[in-house]
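Here's the structure we're looking at; comments come further down.
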Amino acid sequence: MTARIIAVINQKGGVGKTTTTVNLSHALARAGKKVTVIDFDPQSHLTVSLGVVTVQKNGIDQVLLGAGNLDEKLIPVRKNLNLIAAGARLQEIEQLTETKVSGSDLLRKSLDNHLMDQDFILIDCPPSSGVLVANALFAVDEILVPMTSDYLALQGLSHLMGTIKKFEKALKKQYRISLVISRYVSTRRISVDVLETLKKYFPGQILATVIKETALLAECPSFGKTIFEYRPGCRSARDFTSLGKDFLDGRVM
Amino acid sequence: MADKDDGSLIGYDPLAWLQASQDELASDSAIAAEEPVIDVVVEEDSLPEAPLLEAIEDIQLDTDESVFDCAHESEDKTVVVLDSVLNIQNVSQLHQRLLGLLNDNSVIDIDASAVSMIDTASLQLLLVLKQTAGSLQKNVTIDFPSDRFMEAAELLGVTELLGVDQPASGFF
């Protein structure tokens, strides 16, 4: 069985990549799917958000450096949900310039014939434009872009799409791209205008459920909990359950 | 920056190029479907049953232009994919081709991801190409340099001159 491998990408920080990865992956796991999340951000926010707060010496960094494989680095964090932590040396890989380590297909190679029993593998990418994101783009056929509804997010998306199209040409492939609207503030007119602009350029690609900006989503990482654990039944928990269904069933705006 | 339009709070639309890009792709597909862009004469019944694009690639492998493929061309921009082996034997052919592209385009993206061997002569050619392009106010970028390409460029100390000295050179 081949897992769907999805890179959660946006080089703009603070758009909700990690929040989306954490809660969407848990929503999928709660729906009975086998999910592995890879913390590909040297800041290790995904790892902390899932309650793994001690510095992990063994993570995706070691796999990329050739020490071990993905199956050996799995940390079961919830039922049906595994984590591969970032590891202490991921930042070094982002910054290394030696030819032997700057290869952009390290992640793709490490995924070959591993995690074969998983339904989904989500890769939480860093808010940057470097070797790590390049590795993610080489490794996946599917991209999920969390988008906030402000003007500068559109600027960031424009830059990201330019990069993606360059990769598509070079790698001769077409990514399946989905957008998720996150941190949405419905009372702001700019939010509505940005959303309409996105619908115009990405018809059929925006997942149907909008994730609203709430204090609870900002709070739960500090306790290492997902929204389903932090405040079960709250609006955000229902939104992420719905988002999980959108993702599984292909429900779009 | 564009003026506000119809009361929208989106002044300048940073995604407008996406629509133009999609229109261009649709137009290229329509043209490709109507008229194969190939120079060689091929017997109809010798064509494989693969989609037109794959058939074109199969045929191009047999032509003289084996040093690289042109992945995409627009009016003043082109993408060139370098072949695996670049050496003194094929450098003059590469030179002729790049000269022609430089005359016809103001932007050339060179994909060096497939390079498994490159010698000094070929690197020097690329260096001169970049310098010449600069003097003509044109742009030549080397994208996705392979490990071998980088090793050779580092050995000669020309990574910075070729613009491939960043770890994710050409990616972003």
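Side-chain atoms are counted along with the backbone in the values below, which use heavy atoms only and exclude waters and symmetry mates. No experiment lies behind these values; they were computed from the predicted model shown. Letters A, B, ... are given to chains in the order of the sequence lines, protein chains preceding strands, and every chain is numbered from 1.
Here the shortest heavy-atom pairing between A:Ser158 and B:Pro14 reads OG-O, 2.8 Å. Listed here is the closest heavy atom pair of A:Lys165 and B:Trp17: CD-CZ3, 4.0 Å.
B:Asp13 places a side-chain heavy atom less than 4.5 Å from the side chain of A:Lys200. Looking at B:Phe144 and A:Phe167, their side chains come closer than 4.5 Å, going by heavy atoms from C-beta outward.
A distance of 8.5 Å separates CE of A:Met161 from CG of B:Leu15, quoted to the nearest 0.5 Å. The line from OG1 of A:Thr197 to CD1 of B:Ile10 is 4.5 Å long, rounded to the nearest 0.5 Å. Here the straight-line distance linking atom CG of B:Asp111 with atom CG of A:Leu171 works out to 8.5 Å at 0.5 Å rounding.
Counting non-hydrogen atoms of neighbouring residues, nucleotides and ligands closer than 6.0 angstrom, the NZ atom of A:Lys199 exceeds 12 such neighbours. Atom CZ of A:Arg235 sits in a sparse spot, with 12 or fewer heavy atoms from other residues, nucleotides or ligands closer than 6.0 Å.
When heavy atoms are compared at a cutoff of 4.5 Å, A:Val194 approaches chain B by way of both its backbone and its side chain.
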